[in-house]
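In what follows, a structure is listed as structure tokens, so that the remarks can point back to it.
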Amino acid sequence: VRAARSVAKKLQWPVAADVLSGLRLGAGDYPLADCFDAVLLSEEARRALDPDMILHLGAPLTSKRFLQFVEARPGMPYVQVAPHPRAHNPAHRATERLECAVAALDRALPAVTQTCASDAWRRLIATLNEAAATAIAQTVPADLNEIAVCRAIAAGLPQDSGLFVGNSMPIRDMDAFAPADGAAVRCCGNRGASGIDGCIATAAGFAAGLDGPVTAIVGDLTCLHDLNALALLRECAHPFVLVVINNDGGGIFSMLPVAQHGEHFERFFGTPHGLDFSHAADMFGLKYAAPESMDAFQRAYAQALQSDGPTLIEARTDRQANAALHARVHTAVRAAVDNALVP
């Protein structure tokens, strides 16, 4: 992370950072486009943003829109840097691969390069990024909802803490909507095959290695699949806050066309379970809170960060309402970015 920040500072190219990269949360001395995924909702922006080159450090990004953005530019110089021979190149657009640690690239840069991103290019991305950020902030309501919870966590993370982000919707919401003006923290996730198995156990291991406070945010099915790992949280020597977004099933599928198929959708994709996690918290000796408003959530989260043991905070949401909220936010962002492109 330190080397990636140094490369970004030296180059001063606009940075589209994945939430797990360590550069997405926390202000840095480089031009961070923290809402780049949201900016790409605009077809006009995708046409206007035509880079001469992309330098990709590390693993693939969470953003599907970024992958589609790259796919639409065959032949564009696209340099990937990673310390292994595995080809993380699903779009088949990489033109060069540097098999080295980012730290090695960082050490080589002062002698071989200078900033070549134009001021106009940086201003364009900054303008579109600000338009998207403003639209998100103005459109997400103040009630308890999944986007607001992710934004509140990102804003409330203490310095020198860690964030574990579960798969499915939590990592996508944190990547797309989290504000970047909070603390710069260590981030971790279980991407791999992007499954929901073993996420809480991984978060517990992350906390042990970090030896500091950790916040983990996962969905209800993720928690159910790894319920016995709640026992590991009692071994954490620092505050561990597990935020479970309980929308009674697989919320990500409500974003897809299959959600229009009613009865069959609920049985095979929605998979409602009708459970809450109060008894699980009690069984494993965890403190528990089930806030019913964003104010209550923020109070519960702040209190959990000061606790001397693990806390499970359950945020109950509605899958259909969440899908509708995402649609409203996307529409607002698209309109704001399109408007920002008007001379």
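- In summary, Lys64 and Asp37 do not engage in a salt bridge, as defined by a charged side-chain N under 4.0 Å from a carboxylate O.
- Ala48 and Leu341 get closest at one heavy-atom pair: CB-CD2, 3.9 Å.
- With respect to the salt-bridge test (charged N to carboxylate O, under 4.0 angstrom), the residues Asp175 and Arg172 do not qualify.
- Using a 4.5 Å cut-off between side-chain heavy atoms of Ile, Leu, Val, Met, Phe, Trp and Tyr, with links allowed through other members, Leu305 and Leu242 fall into different hydrophobic clusters.
- Remark: the backbone N or O of Glu71 is paired with a side-chain donor or acceptor of Arg93 at under 3.5 angstrom.
- Put simply, the side chain of Val185 does not reach to within 4.5 Å of the side chain of Thr215, judged on heavy atoms.
- Judged by distance alone, with hydrogens and angles left aside, the side-chain atoms of Thr95 form a donor-acceptor pair with the main-chain N or O of Tyr78 at under 3.5 Å.
- Between the side chain of Asp248 and the backbone N or O of Pro272 there is no donor-acceptor pair closer than 3.5 Å.
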Problem set entry | Cys223 and Val244: CA distance, side-chain angles, deciding distance, side-chain contact (heavy atoms from CB on, under 4.5 Å) verdict | CA-CA 7 Å; Cys223 192; Val244 179; 4.0 Å; yes
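- Within the 3.5 Å criterion, the main-chain N or O of Leu157 finds no donor-acceptor partner in the side chain of Ser161.
- Side-chain contact between Phe164 and Ile217 is absent, with no heavy-atom pair separated by less than 4.5 Å.
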Problem set entry | Verdict with reasoning, Arg73 to Asp52, per salt bridge (Lys or Arg N to Asp or Glu O under 4.0 Å) | CA-CA 10 Å; Arg73 285 159 175 77; Asp52 295 322; over 6 Å; no
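- Checked by atom type and distance alone, the side chain of Asp197 never pairs as donor or acceptor with a backbone atom of Asp226 at under 3.5 Å.
- For the atom pair Arg5 CZ and Leu32 CG, the distance stands at 9.0 Å (nearest 0.5 Å).
- A 4.5 Å side-chain heavy-atom check between Asp143 and Met294 finds every atom pair outside the cut-off.
- With hydrogens and angles left out, the side-chain atoms of Ser278 and Asp276 include a donor and acceptor closer than 3.5 Å.
- For Phe177 and His326, the distance between ring centers is under 6.0 angstrom.
- Both Phe240 and Ile200 are part of a single hydrophobic cluster, where members link through side-chain heavy atoms under 4.5 Å apart.
- Taking a cutoff of 4.0 Å between a charged side-chain nitrogen and a carboxylate oxygen, Asp18 and Arg24 do not qualify as a salt bridge.
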For this session: Could you check Tyr301 against Ile153 for side-chain contact (heavy atoms from CB on, under 4.5 Å), going step by step and ending with a plain yes or no?
Result: CA-CA 8 Å; Tyr301 183 51; Ile153 290 173; 3.8 Å; yes
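- A 4.5 Å side-chain heavy-atom check between Ile171 and Leu20 finds at least one atom pair inside the cut-off.
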For this session: Dump the intermediate steps for side-chain contact (heavy atoms from CB on, under 4.5 Å) on Glu44 and Val337, then the final yes or no.
Result: CA-CA 8 Å; Glu44 297 297 327; Val337 172; over 6 Å; no
Problem set entry | Working for side-chain hydrogen bond (donor to acceptor under 3.5 Å, both in side chains), residues Asn247 and Glu146 | CA-CA 9 Å; Asn247 52 32; Glu146 298 184 25; 2.9 Å; yes
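- A donor-acceptor distance shorter than 3.5 angstrom exists from the side chain of Glu314 to the backbone of Phe277, with no hydrogens or angles considered.
- Using a 4.5 Å heavy-atom threshold, the side chains of Val214 and Leu163 count as separate.
- Atoms CG and CG, from Leu57 and Leu23 in turn, are 8.5 Å apart once rounded to the nearest 0.5 Å.
- A donor-acceptor contact shorter than 3.5 Å is absent between the side chain of Asn246 and the backbone of Gly219.
- When the side chains of ILVMFWY residues are joined at heavy-atom separations under 4.5 Å, either directly or via intervening members, Val39 and Ile54 end up in a single hydrophobic cluster.
- Nearest heavy atoms, Leu25 versus Pro179: CD2-O, 3.8 Å.
- Within the model, atoms CZ of Arg2 and CG of Asp106 stand 10.5 Å from one another, a figure rounded to the nearest 0.5 Å.
- Arg299 places none of its side-chain heavy atoms less than 4.5 Å from the side chain of Pro291.
- Ring orientation note: the planes of Phe66 and Phe69 are tilted relative to one another, at an angle of 30° to 60°.
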For this session: Kindly indicate, with the supporting measurements, whether the criterion salt bridge (Lys or Arg N to Asp or Glu O under 4.0 Å) is fulfilled by Asp160 and Arg186.
Result: CA-CA 8 Å; Asp160 300 321; Arg186 293 289 298 273; over 6 Å; no
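- The closest donor-acceptor contact from the side chain of Lys10 to the backbone of Leu109 lies at 3.5 Å or more, if one exists at all.
- Contact of the Leu105 side chain with the Arg107 side chain is not registered, since no non-hydrogen atoms from C-beta on lie closer than 4.5 Å.
- Using a 3.5 Å distance cut-off with no hydrogens or angles, the side chains of Ser42 and Asp338 do pair a donor with an acceptor.
- Side-chain N or O atoms of Asn129 include one that pairs as donor or acceptor with a backbone N or O of Asp34 at under 3.5 Å.
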For this session: Run the numbers on Ile136 and Arg151 for side-chain contact (heavy atoms from CB on, under 4.5 Å), then give the verdict.
Result: CA-CA 10 Å; Ile136 292 168; Arg151 289 174 61 82; 3.5 Å; yes
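- Put simply, the side chain of His56 reaches to within 4.5 Å of the side chain of Leu61, judged on heavy atoms.
- Panel note: side chain Gln12, backbone Lys9; a donor-acceptor pair is recorded below 3.5 Å.
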